[in-house]
Amino acid sequence: MTVDDLPAGSELCRAARWNQLDRDWRQFLTLSPRGCRVAMRGDRVIGTVTTIDYEDRFRWVGMVLVDPRERRRGIGTRLLREAIEMPRGQAAIRLDATPAGREVYLKLGFVDEYGLSRMEARVSERIAGEEVGNARRMTEADLSAICEADATVFGADRRAMLRWMWEGAPEFAWVMPGERGVAGYCFGRRGFNFDHLGPIIAADARMARRLATACLRERVGAPFILDAFRHDQGWLQWLAEMAFREQRPFIRMFLGEHRHPGQPERQFAMLGPEFG
């Protein structure tokens, strides 16, 4: 994949009704200039796959997209194999699968890790009455401490990604100070169909709710999505009370020796299935 292919990638997103913008595509190439692939028919891009190597710990695979006119010809599987077989030093490969995609990944040796839910809503007026505690807007000066804490929770250093998130939508970025520094934080980004809240990292569901409230209470009526972890029923119940409904499920999967799972219990929303 090259910069010249990015408009075609965006066209495939629109055909699939996916949410990514040109800025997202550019980030894939910035982080992994040799790790993204396109499938071609003549001079036309008919499929894509992206990869991001998070240190030497795991490779993240995303954006497996195929032109609707070219589906059921094995193109998506071929692209996925390209992503898996590229020279790599990582012990594991990770991705978030839809239920339909999961069947393909199982055949390639992937194993289920846990479930996630894509949640969608127009921000409800109810959120105006929710508490935010001591959540405050994130500043650039917070990023160093946040990135250090995030490496433990996520399982690898993704400071370049988090800085990119903050630079793209600082209005969605909030932090919860704690006695020992950063106790929790959230980021967000703009999208074509919805704005996207995540990741949300917190000590517990109460803190996660306060961070989400801090971001969303100024955006009543706006369409938002977040990709929720399912480990806390109180968190899922609160999202339902705030009018979020499941758009579709994801299954987090891995291939290989997965030694760096991070701390899923502190993750309440992920950055996105394309980024991890």
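- Checked by atom type and distance alone, the side chain of S32 pairs as donor or acceptor with a backbone atom of T51 at under 3.5 Å.
- One hydrophobic cluster holds both I75 and V49 under the rule that ILVMFWY side chains link at heavy-atom gaps under 4.5 Å.
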Task: Candidate pair C36 and T48, rule side chain to side chain contact (heavy atoms under 4.5 Å, CB included), full reasoning - done: CA-CA 8 Å; C36 303; T48 63; over 6 Å; no
TODO: I would like to know whether W238 and E130 meet side-chain hydrogen bond (donor to acceptor under 3.5 Å, both in side chains); could you show each step before the answer?
DONE: CA-CA 10 Å; W238 181 81; E130 295 293 300; 2.8 Å; yes
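- Using a 30° and 60° split on the angle between ring planes, F154 and Y54 fall in the perpendicular class, above 60°.
- When the side chains of ILVMFWY residues are joined at heavy-atom separations under 4.5 Å, either directly or via intervening members, V111 and I84 end up in two distinct hydrophobic clusters.
- The heavy-atom pair separating M40 from V45 by the smallest distance is SD-CG2, 3.5 Å.
- The backbone N or O of R34 sits less than 3.5 Å from a side-chain atom of R37, completing a donor-acceptor pair.
- Taking 4.5 Å as the limit, some side-chain heavy atom of R102 sits within range of a side-chain heavy atom of D112.
- V175 and I146 make their closest contact through CG2-CD1, 4.2 Å (heavy atoms, listed as atom of the first residue, atom of the second, distance).
- Under the 4.0 Å criterion applied to side-chain N and carboxylate O atoms, E140 and R163 are assigned as salt-bridge partners.
- Linking Ile, Leu, Val, Met, Phe, Trp and Tyr residues whenever their side-chain heavy atoms come within less than 4.5 Å leaves F254 and L108 in two separate clusters.
- Crowding of E241 atom CD: a count of heavy atoms from other residues, nucleotides or ligands under 6.0 Å exceeding 12.
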Task: T213 and E131: CA distance, side-chain angles, deciding distance, side chain to side chain contact (heavy atoms under 4.5 Å, CB included) verdict - done: CA-CA 7 Å; T213 297; E131 296 181 4; over 6 Å; no
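- Between D96 atom CG and R94 atom CZ the span is 8.5 Å, to the nearest 0.5 Å.
- Under the 6.0 Å cut-off for aromatic ring centres, H231 and F268 qualify, their centroids lying closer than that.
- Looking only at side-chain heavy atoms (C-beta outward), R159 and L162 stay at 4.5 Å or farther from each other.
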Task: Worked verdict on W235 versus I200 for side chain to side chain contact (heavy atoms under 4.5 Å, CB included) - done: CA-CA 12 Å; W235 166 241; I200 300 175; 3.9 Å; yes
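- Not one N or O on the side chain of R17 forms a donor-acceptor pair closer than 3.5 Å with the backbone of N193.
- Summarising the geometry of A202 relative to A208, their closest heavy-atom pair is CB-N, 3.6 Å, with the distance given to 0.1 Å.
- Under the 4.5 Å side-chain criterion, counting only non-hydrogen atoms from C-beta, M253 is in contact with L106.
- In this structure, the separation between CG on L216 and CZ on F224 is 5.5 Å, given to the nearest 0.5 Å.
- For the pair R118 (side chain) and F250 (backbone), a donor-acceptor distance under 3.5 Å is absent.
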Open item on the list: I'd like to know whether D142 forms a side-chain hydrogen bond (donor to acceptor under 3.5 Å, both in side chains) with Y185, so could you lay out the CA-CA distance, the side-chain angles of the two residues, the decisive distance to 0.1 Å, and finally the verdict.
Closed with: CA-CA 10 Å; D142 294 316; Y185 46 93; over 6 Å; no
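- Not one N or O on the side chain of D157 forms a donor-acceptor pair closer than 3.5 Å with the backbone of A151.
- Looking only at side-chain heavy atoms (C-beta outward), F229 and L116 come within less than 4.5 Å of each other.
- With a 6.0 Å radius and a threshold of 12 heavy atoms from other residues, nucleotides or ligands, E103 has its CD atom above the threshold.
- Closest non-hydrogen pair, L31 versus A160, comes out as CD2-CB, 3.9 Å.
- Minimum heavy-atom separation, Q233 to R230: NE2-O, 3.8 Å.
- Between the side chains of R248 and T98, no donor N or O sits under 3.5 Å from an acceptor N or O.
- Residue L197 holds its CG atom at 11.0 Å from CZ of R189, rounded to the nearest 0.5 Å.
- Heavy atoms from other residues, nucleotides or ligands lying under 6.0 Å from CD of E167 number more than 12.
- Other residues, nucleotides and ligands contribute at most 12 non-hydrogen atoms within 6.0 Å of the CZ atom of R126.
- Side-chain contact annotation: E113 with H258, donor-acceptor N/O pair under 3.5 Å present.
- Taking hydrophobic clusters as Ile, Leu, Val, Met, Phe, Trp and Tyr residues chained together by side-chain heavy-atom distances below 4.5 Å, I201 does not share a cluster with L236.
- From H196, atom NE2 reaches atom CD of Q20 across 9.5 Å, with rounding to the nearest 0.5 Å.
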Task: Residues C186, M176; criterion side chain to side chain contact (heavy atoms under 4.5 Å, CB included); working and verdict - done: CA-CA 9 Å; C186 71; M176 186 76 73; over 6 Å; no
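- To the nearest 0.5 Å, atoms CD (E246) and CD (E120) are separated by 11.0 Å.
- Side-chain N or O atoms of S117 include none that pairs as donor or acceptor with a backbone N or O of M119 at under 3.5 Å.
- Using the six-membered ring where Trp is involved, F28 and W25 have ring planes that are perpendicular, over 60° apart on the 30 and 60° scheme.
- Clustering ILVMFWY residues whenever any of their side-chain heavy atoms sit less than 4.5 angstrom apart, transitively, puts V66 in the very cluster that holds V61.
- Counting heavy atoms of neighbouring residues, nucleotides and ligands inside a 6.0 Å radius, atom CZ of R44 exceeds 12 of them.
- We find the CG-CD1 distance between L95 and I251 to be 10.0 Å, quoted to the nearest 0.5 Å.
- Here the closest heavy-atom approach between residue V220 and residue S124 is recorded as CG2-O, 4.0 Å.
- Between W60 and F58, the angle of the ring planes goes over 60°, which puts this pair in the perpendicular group of the 30/60° scheme.
- Put simply, the side chain of R210 does not reach to within 4.5 Å of the side chain of W174, judged on heavy atoms.
- A salt bridge does not link R78 to E70: none of the charged side-chain nitrogens sits closer than 4.0 Å to a carboxylate oxygen.
- Side-chain contact between P199 and M270: absent, with no pair of heavy atoms (C-beta onward) separated by less than 4.5 Å.
- When side chains are defined from C-beta on, W18 does not count as touching L12, because their heavy atoms never get closer than 4.5 Å.
- Between Q247 and F194 the shortest side-chain heavy-atom distance falls below 4.5 Å.
- Applying the 6.0 Å contact sphere to CZ of R81 captures no more than 12 heavy atoms from other residues, nucleotides or ligands.
- At a threshold of 4.0 Å, the pair R219-D195 does not count as salt-bridged, since none of the basic side-chain nitrogens sits closer than that to a carboxylate oxygen.
- Each of E274, R158, M161 was evaluated against I52; a single residue qualifies, M161, per the side-chain contact (heavy atoms from CB on, under 4.5 Å) test.
- A salt bridge between D67 and R69 is present, with a side-chain N of the basic residue lying under 4.0 Å from a carboxylate O of the acidic one.
- Heavy atoms of other residues, nucleotides or ligands lying less than 6.0 angstrom from CZ of R26 number 12 at most.
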